[in-house]
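Reviewing the structure listed below.
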Amino acid sequence: MRRWLVALVLAGAAVTMSGCFQQHRADGDLVDDWPVLPAPQLFVPATGSCLPRITPVVQASTYDTVDCSRSHLAEAIHVGVFTGAAARGPRPEPGSPALRPARAECDQRAREVLGGDWHSARLTLNIALPSMTAWNSGARWFRCDLSETDSIDNTRPVNRTGSLRGAMIGDNPLSHRCFDPKLIGKNLNYMAPVLCSEPHRAEFVGVYLERDMTWEQFTKANQQVHRRCMALIASFAEVPNNADLPYRAGSIFYPPSEREWEEGDRGIRCFLWSDDRKLTRSMRGAGPEGLPTI
């Protein structure tokens with residue numbers, strides 16, 4: 001009702017002022033003079049930015065970034081888009097197989113940003129998703145968040161300053177090297193990092209990608225994982241992968257968490273384990289004389 005009253009008042013004003021101004025001549029079309037409203041834009045987080053906090057679900061109302069030169073918990077290294085069946089169904093949940101394509105894309109992007117395999121360093125890779133409301137409104141993005149961790153045993157992200165871009169190129173403080181494992185009985189308690197020139201019993205030798213199997217199957221495949229790690233140890237130390245190898249060294253391995261495994265991470269971290277002697281140098285390229293049978 002108020003709109004019609006305004007129209008009548010304006011029309012009266014035009015008649016009163018017609019002696020001074022040319023009267024407006026309407027074209028009879030009541031809608032063509034309204035500007036077209038822009039289409040609503042869905043929120044998409046930025047890439048290449050650093051984050052003061054880590055959340056598995058990103059809300060536009062609480063979204064925040066900081067300059068990477070300041071203290072932060074994660075770096076958003078990539079924002080991808082769900083396609084195909086993953087985009088048509090309900091939003092994938094953290095720790096679900098529906099995130100496998102997203103994790104594979106994040107993994108590849110992390111390698112490009114770092115200049116190396118993030119499994120080989122004190123780093124963790126997480127996937128952030130839109131809220132349910134945003135997904136139901138059409139949001140189909142996922143974000144890849146890379147964080148520094150305290151140690152191989154404590155994978156909770158820690159605050160850092162500076163971007164992780166190129167962080168694994170050349171000699172760097174993040175890559176796994178030598179460790180002095182701490183045991184409780186015959187069980188590994190934790191791996192204490194040490195300089196390779198200091199007495200130690202373990203050294204990181206590499207990562208292999210395990211074949212696709214269920215988490216339950218993997219937990220029962222210790223001997224298979226041990227054999228794969230022993231092959232990496234032989235290659236790393238440049239010793240024969242034969243019946244003598246178990247008399248030179250054993251293996252320790254760190255798999256992904258169950259959540260990471262369900263999302264498609266198959267990276268197994270392998271370590272040379274010296275049970276009967278302390279080492280005081282890296283075993284890389286040591287050969288049969290540097291890593292003799294005992």
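Since we're looking at a predicted model, the values are computed, not measured. Both backbone and side-chain heavy atoms feed into the values below; hydrogens, waters and symmetry mates do not.
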Do you know which two heavy atoms are closest between R122 and D150, and how far apart they sit?
CD-O, 3.5 Å
Given 3.5 Å as the limit, does a donor-acceptor pair link the side chain of E148 with the main chain of R160, or not?
no
Using the rule given for side chain to side chain contact (heavy atoms under 4.5 Å, CB included), can you reason through F43 versus W141, listing the C-alpha separation, both sets of side-chain angles and the distance that settles it, and then say yes or no?
CA-CA 9 Å; F43 165 76; W141 55 263; 4.2 Å; yes
Hey, any chance L51 and V58 share a hydrophobic cluster, counting ILVMFWY side chains that come within less than 4.5 Å of each other, even indirectly?
no
Is there a path from V225 to M213 through hydrophobic residues (I, L, V, M, F, W, Y) whose side chains come within less than 4.5 Å of each other?
yes
Decide, yes or no, whether a salt bridge links D153 with K182 under the criterion of side-chain N to carboxylate O below 4.0 Å.
no
Same cluster or not: F179 versus F236, using hydrophobic residues (I, L, V, M, F, W, Y) connected whenever any side-chain heavy atoms lie under 4.5 Å apart?
no
Strictly below 4.0 Å, N to O, side chains only: are R177 and D171 in salt-bridge contact?
yes
Using 0.5 Å steps for rounding, measure from the CD atom of Q223 to the CZ atom of R228.
14.5 Å
Using 0.5 Å steps for rounding, measure from the CD atom of E260 to the CG atom of L125.
8.5 Å
Strictly distance-based, threshold 3.5 Å: is any side-chain N or O of Y63 a donor or acceptor partner for the main-chain N or O of A46?
yes
Examine distances only and state if a side-chain atom of T47 and a backbone atom of H78 form a donor-acceptor pair shorter than 3.5 Å.
yes
Given N159, which of P52, S147, S71 fulfils the side chain to side chain contact (heavy atoms under 4.5 Å, CB included) condition?
S71
Grab the two heavy atoms, one from P94 and one from L99, that are nearest each other, plus how far apart they are.
CA-CD1, 3.8 Å
Identify which one of E263, R143, R259 satisfies the side-chain hydrogen bond (donor to acceptor under 3.5 Å, both in side chains) criterion when paired with N126.
R259
Going by an N to O cut-off under 4.0 Å, is there a salt bridge joining R103 and E105?
no
Is there a side-chain hydrogen bond (donor to acceptor under 3.5 Å, both in side chains) between D67 and S69 once you walk through the steps?
CA-CA 5 Å; D67 190 279; S69 62; 2.5 Å; yes
NZ (K278) with more than 12 external heavy atoms under 6.0 Å:
yes
Any idea which heavy atoms bring L245 and A234 closest together, and the distance?
CD2-CB, 4.0 Å
Below 30° counts as parallel, above 60° as perpendicular, anything between as tilted: where do the rings of W135 and F82 land?
perpendicular
In terms of hydrophobic clusters joined by side-chain contacts under 4.5 Å, are M168 and V113 together?
yes
Indicate whether the side chain of N172 and that of S175 have a donor and an acceptor atom separated by less than 3.5 Å.
yes
Where I77 and R109 come nearest, the two heavy atoms and their spacing:
O-NE, 3.6 Å
Between L123 and W118, the two heavy atoms sitting closest are O-CE3, 3.7 Å
Take atom CZ in R277; do more than 12 heavy atoms of anything else shown fall under 6.0 Å from it?
yes
Verify same cluster id: L232, L291 (apolar side-chain graph, 4.5 Å):
yes
Exceeds 12 heavy-atom contacts within 6.0 angstrom, atom CZ of R111:
yes
Could you give the distance from CD (E75) to CG (L114), rounded to the nearest 0.5 Å?
8.5 Å
Locate the shortest heavy-atom distance separating H200 from D180; write the atom from each residue and the value.
CA-OD1, 4.0 Å
If you define the side chain from C-beta out and look only at heavy atoms, does anything of C50 sit under 4.5 Å from S163?
no
Closer than 3.5 angstrom, by distance alone: can the side chain of W273 be matched with the main-chain N or O of F253 as a donor-acceptor pair?
no
Straight-line distance of E262 CD to T214 OG1, nearest 0.5 Å:
8.0 Å
